[in-house]
2 protein chains.
Amino acid sequence: MYFCVNKYLMTRSEENYIKTIFHLGRKGTQEVATNAIAELMETKPSSVTDMIKRLSEKDLVNYKRYQGVSLTALGNKTALNIIRKHRLWEVFLVEKLDFSWDEVHEVAEQLEHIKSDKLIDSLDRLLAYPKFDPHGDPIPDKNGGFKERDRELLSEVPVNTGGVCVGVKDSSATFLKFLDKNGIALGNQIKVMEIEEFDGSLNIEIDGRKMQISHVIASNLYIKASDEI
Amino acid sequence: MYFCVNKYLMTRSEENYIKTIFHLGRKGTQEVATNAIAELMETKPSSVTDMIKRLSEKDLVNYKRYQGVSLTALGNKTALNIIRKHRLWEVFLVEKLDFSWDEVHEVAEQLEHIKSDKLIDSLDRLLAYPKFDPHGDPIPDKNGGFKERDRELLSEVPVNTGGVCVGVKDSSATFLKFLDKNGIALGNQIKVMEIEEFDGSLNIEIDGRKMQISHVIASNLYIKASDEI
DNA sequence: ATTAAAATTTAGACAAATCTAAAAATTTGT
DNA sequence: ACAAATTTTTAGATTTGTCTAAATTTTAAT
Ligand SMILES: [Mn+2]
Ligand SMILES: [Mn+2]
Ligand SMILES: [Mn+2]
Ligand SMILES: [Mn+2]
């Protein structure tokens, strides 16, 4: 009847593990390694094993000793719900409270654990149902559905093509502040003019202005190819 | 230089105890009894004693065995900061997310523990620096200063006087929904027409409309006396 | 196919926050 | 003043989430 994602008591720690397993499961093989979780969460592998057992008890993950871990359907839904909250709060902080995009993550890490369906639905409405967060990442809808936007890394597109900057791969404060300093933001029109043989750095034109960026920078910027160049 | 109220790691549980001690210390003697805390927090006295010792270690409360507990200056400031957050979030929920005044408390209990000075300052600005929460309770400013509004219980004023309804003493969902059902809200002009000898119930005129309310209801409504009756 | 290295799990300990049951101190009633 | 009732504290146990150190399993290398 009324489909609850997971009202059943989940601790903050459990939610963080589920979220981490989700993120690691996306990029790479389905089965997530204990050590990978430990590294991302800055904790010890033994702690991870302990928690995995608890999550397994609650049917949030599939677990076979020594074989890695993966989310169950319930775990997946739970993860998407937390990510939805995280990203909606990030939009709120930027749109309504004038946070910059490098300041939102830390606070969203706290806000994502607030339990109230009504709260998050109302927030969604207040923000006019945004589809993407300040870093260009998609916001799952209340059923956990979301569309991965069609996009490519700027470092992957050939010379003389381009598009609109729609996201960042690395969303660390350091990188985001670097982008601010250099006047690079989501929505900018970017065109690759030339790629240096020597170090792979790119000469680009961004909203009419010419500049040079390193390969590392380009490999952390997503663009959506525009047909008319 | 930069005066932090209490950035130093406080757990959610510690914050809840501090808040409870603050509320109990206001109405009554300064020293708060262990059992009173336990009852309000729906926990056991032995748990309270344990926590009091921890809070005492951190110089948030003054404690002498068997003699009750009181907040230190630091504890007081901490309590006011939590209450500020609680009440600002309540205003946000009502003003921006269309919550009704009986729905906000539960969510605010969670939101009050989010740690971010910038967040709460920005929220304050978004809400245009409100002075009172949806239940008429004053919102401390960022230095912990707040003015207890000049107000009296409706049950205490003499016949033929009145004023504006500015707050509720009991802010339980049950009472608030009762008020909604009977069209009583903050801002209403209330005048006491007659007080029944028999059971103390009151005939009142509220925004022009006549009605009868029990003594219990009247003793949970605050009004601010208006000079012109 | 063994052995070495790496990953993972277990065992045992610890701090936070809670509980129950029992002991100690305080307050109350006569 | 002194026994009884009440309040408060202590002692010991439990759950959650973490750690270190040691054992086990898997993977990689020769
Ligand atoms: Mn984030
Ligand atoms: Mn984001
Ligand atoms: Mn409240
Ligand atoms: Mn309130």
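Just so you know, these numbers come straight off a predicted model, no measurement behind them. By convention in this document, chain letters (A, B, ...) are assigned in the order of the sequence lines, proteins followed by strands, and residues within each chain are numbered from 1.
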Round to a whole Å and report the spacing from [atom1] of [X] to [atom2] of [N].
{"X": "B:Ile52", "N": "C:dT18", "atom1": "CD1", "atom2": "P", "answer": "12 Å"}
{"X": "A:Lys53", "N": "D:dG17", "atom1": "NZ", "atom2": "P", "answer": "15 Å"}
{"X": "B:Arg12", "N": "C:dT18", "atom1": "CZ", "atom2": "C1'", "answer": "16 Å"}
{"X": "B:Lys64", "N": "D:dT9", "atom1": "NZ", "atom2": "P", "answer": "12 Å"}
{"X": "B:Glu42", "N": "C:dA17", "atom1": "CD", "atom2": "C1'", "answer": "16 Å"}
{"X": "A:Met51", "N": "D:dT15", "atom1": "CE", "atom2": "C1'", "answer": "12 Å"}
{"X": "A:Glu15", "N": "D:dT16", "atom1": "CD", "atom2": "C1'", "answer": "15 Å"}
{"X": "A:Leu55", "N": "D:dG17", "atom1": "CG", "atom2": "P", "answer": "9 Å"}

Open item on the list: Testing the 3.5 Å rule here: is there a donor-acceptor pair between the side chains of A:His86 and A:Asp133?
Closed with: no
Among [options], which nucleotide sits nearest the side chain of [X]?
{"X": "A:Gln67", "options": "D:dT26, C:dT9, D:dC19", "result": "D:dT26"}
{"X": "B:Lys44", "options": "C:dT20, D:dT18, D:dA21", "result": "C:dT20"}
{"X": "A:Ala33", "options": "C:dC19, C:dA11, C:dT8", "result": "C:dT8"}
{"X": "A:Thr43", "options": "D:dC19, C:dA7, C:dT9", "result": "D:dC19"}
{"X": "B:Ser46", "options": "C:dT9, C:dT20, D:dT18", "result": "C:dT20"}

Task: Heavy atoms of other groups near A:Lys177 NZ, more than 12 under 6.0 Å - done: no
Open item on the list: Check this for me: A:Asp150, atom CG, are more than 12 non-hydrogen atoms of other residues, nucleotides or ligands nearer than 6.0 Å?
Closed with: no
Open item on the list: Please compare A:Arg65 and A:Arg54 by the position of their nearest nucleotide in DNA chain D and report the one closer to 5'.
Closed with: A:Arg54
Classify [X] by what it touches in the nucleic acid, base, sugar-phosphate, or nothing, heavy-atom distance under 4.0 Å.
{"X": "B:Ser47", "value": "base"}
{"X": "A:Thr49", "value": "base"}
{"X": "B:Ser13", "value": "sugar-phosphate"}

Task: Short side-chain N/O contact to D:dT16 OP1/OP2 from A:Tyr17, under 4.0 Å - done: no
TODO: Would you please confirm or rule out a distance under 4.0 Å between OP1 or OP2 of D:dT8 and any side-chain N or O of B:Asn35?
DONE: yes
TODO: Heavy atoms only: give me the nearest B:Lys58-B:Leu9 pair and the separation to one decimal.
DONE: NZ-O, 3.6 Å
Task: Polar pair under 3.5 Å, donor/acceptor by atom type, side chain B:Tyr66, base D:dT7 - done: no
- [ ] For the pair B:Phe175 and B:Phe178, name the ring-plane relationship: parallel under 30°, tilted 30 to 60°, perpendicular over 60°.
- [x] parallel
